[in-house]
Amino acid sequence: MSDSPVDQGRRTWVAITAGAGAIGGVAAAVPFVSTFAPSERAKAAGAAVEADISGLKPGEKMTVEWRGKPVWIVRRTKEQLDGLKKLDAQVADPKSERKPSELTPEYARNEFRSIKPEYLVAVGICSHLGCSPSDKFVAGAQPSLPDDWQGGFLCPCHGSTFDMAGRVFKNKPAPDNLEVPPHMYLSDTKLLIGEDKKG
């Protein structure tokens, strides 16, 4: 073992250099590692979305974005709900039995396709080619609609029609009802789109 004296100046410079190298290495690694974390946009695209429905009046619709898709929240009137009962024979899938795991959660497999009859929550994308249907809430004869129209949605691209529960009418290009996304009520005025108690 050598008994030579320790060079304190050299030891100090080695310590400073090692410390600076470690700090520089961490500084360089942080941005690199952060690229593996999902971006805010990516988080938002898959995250559940809260909607305040306190200002929604009967007969009105609001739209929120969830996973890059428009989700409609429609507060149906009593007349619109009563009109649904007359349409079972005219719609292709009245009880939402087609593709239930993809299109209609169990809690929405009822005549209103909803948790609360008054509110429809549906993805506003036609099941034919992905167009967005237009609101046609007013009942009665109108261009491109039957004379006994009860209110609903018309896809302007190829003429598919949906009732106020998002059920597609028979003999239309769209094969399926509008999708009901997973959702739940946080309160009487707050909805959470993208999650439910089972999710």
Side-chain angles (χ1 to χ4, degrees), residues 37-85 87 91 93-96 98-139 150-157 160-169 174 176-199:
S39 67
E40 288 305 312
R41 186 173 178 159
K43 287 179 197 170
V49 177
E50 218 173 280
D52 182 351
I53 57 172
S54 60
L56 201 58
K57 295 180 176 67
E60 291 183 345
K61 176 185 97 174
M62 65 182 283
T63 304
V64 297
E65 186 178 336
W66 171 67
R67 293 188 175 177
K69 304 176 196 175
V71 174
W72 297 337
I73 303 165
V74 181
R75 187 170 178 187
R76 297 175 285 203
T77 64
K78 182 184 182 311
E79 293 75 27
Q80 289 168 334
L81 292 171
D82 290 345
L84 290 175
K85 298 170 185 171
L87 300 174
V91 294
D93 184 16
K95 300 194 183 312
S96 302
R98 292 186 192 166
K99 302 182 189 172
S101 61
E102 294 174 42
L103 297 174
T104 314
E106 190 174 341
Y107 47 80
R109 287 181 216 148
N110 52 53
E111 66 179 312
F112 305 112
R113 295 189 79 225
S114 62
I115 296 172
K116 295 182 178 184
E118 192 175 356
Y119 293 98
L120 169 68
V121 179
V123 175
I125 297 175
C126 180
S127 58
H128 180 221
L129 293 176
C131 303
S132 188
S134 304
D135 304 347
K136 296 292 179 183
F137 294 170
V138 176
Q150 298 295 316
F153 308 93
L154 167 68
C155 187
C157 302
S160 292
T161 48
F162 302 86
D163 69 4
M164 289 301 296
R167 301 180 302 178
V168 68
F169 282 85
D176 295 304
N177 295 339
L178 297 178
E179 175 189 355
V180 173
H183 65 282
M184 59 191 280
Y185 287 85
L186 300 176
S187 70
D188 287 340
T189 60
K190 289 253 176 57
L191 256 174
L192 188 65
I193 315 290
E195 282 183 27
D196 53 31
K197 288 174 185 163
K198 294 180 180 175

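The side-chain hydrogen bond (donor to acceptor under 3.5 Å, both in side chains) search around Lys99 returns Asp176, not counting sequence neighbours. In this structure Ser101 satisfies the side chain to side chain contact (heavy atoms under 4.5 Å, CB included) test with no other residue, sequence neighbours excluded. Residues satisfying the salt bridge (charged side-chain N to carboxylate O under 4.0 Å, His left out) criterion with Lys190, sequence neighbours excluded, are absent altogether. Remark: Ala108 engages Thr104, Pro105, Val180 in a side chain to side chain contact (heavy atoms under 4.5 Å, CB included) (not counting sequence neighbours). Considering only residues two or more places apart in sequence or on other chains, Thr161 meets the side chain to side chain contact (heavy atoms under 4.5 Å, CB included) condition with Leu145, Trp149, Leu154, Phe169, Lys172. Qualifying side-chain hydrogen bond (donor to acceptor under 3.5 Å, both in side chains) partners for Gln150, counting only residues two or more places apart in sequence or in other chains: none. Residues passing the ring-ring contact (aromatic ring centres under 6.0 Å, His included) test with Phe137, sequence neighbours excluded: Phe153. Applying the side-chain hydrogen bond (donor to acceptor under 3.5 Å, both in side chains) criterion to Asp163, with sequence neighbours excluded, gives Arg167. Listed by chain and number, the residues in a side-chain hydrogen bond (donor to acceptor under 3.5 Å, both in side chains) with Arg76 are Ser114 (sequence neighbours excluded). Listed by chain and number, the residues in a salt bridge (charged side-chain N to carboxylate O under 4.0 Å, His left out) with Lys69 are Glu179 (sequence neighbours excluded). Applying the side chain to side chain contact (heavy atoms under 4.5 Å, CB included) rule to Lys95 yields the partners Glu97; only residues at least two apart in sequence or on another chain are considered.
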Self-check item: Worked check of side-chain contact (heavy atoms from CB on, under 4.5 Å) between Leu192 and Tyr185
Solution: CA-CA 6 Å; Leu192 188 65; Tyr185 287 85; over 6 Å; no
Exercise. Take Lys116 and Asp188 through the side-chain contact (heavy atoms from CB on, under 4.5 Å) test and state the conclusion after the steps.
Key: CA-CA 10 Å; Lys116 295 182 178 184; Asp188 287 340; 3.5 Å; yes
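Listed by first and then second residue, the salt bridge (Lys or Arg N to Asp or Glu O under 4.0 Å) pairs that reach into residues 46-58 come to none, sequence neighbours excluded.
Each of Val71, Leu56, Ile53 was checked for a side chain to side chain contact (heavy atoms under 4.5 Å, CB included) with Leu191, and the lone residue meeting it is Ile53. The residue from Cys155, Cys126, Cys157 that alone fulfils the disulfide bond (SG atoms under 2.5 Å apart) condition with Cys131 is Cys157.
Taken to the nearest 0.5 Å, the NE2 atom of His183 stands 11.5 Å off from the OH atom of Tyr119.
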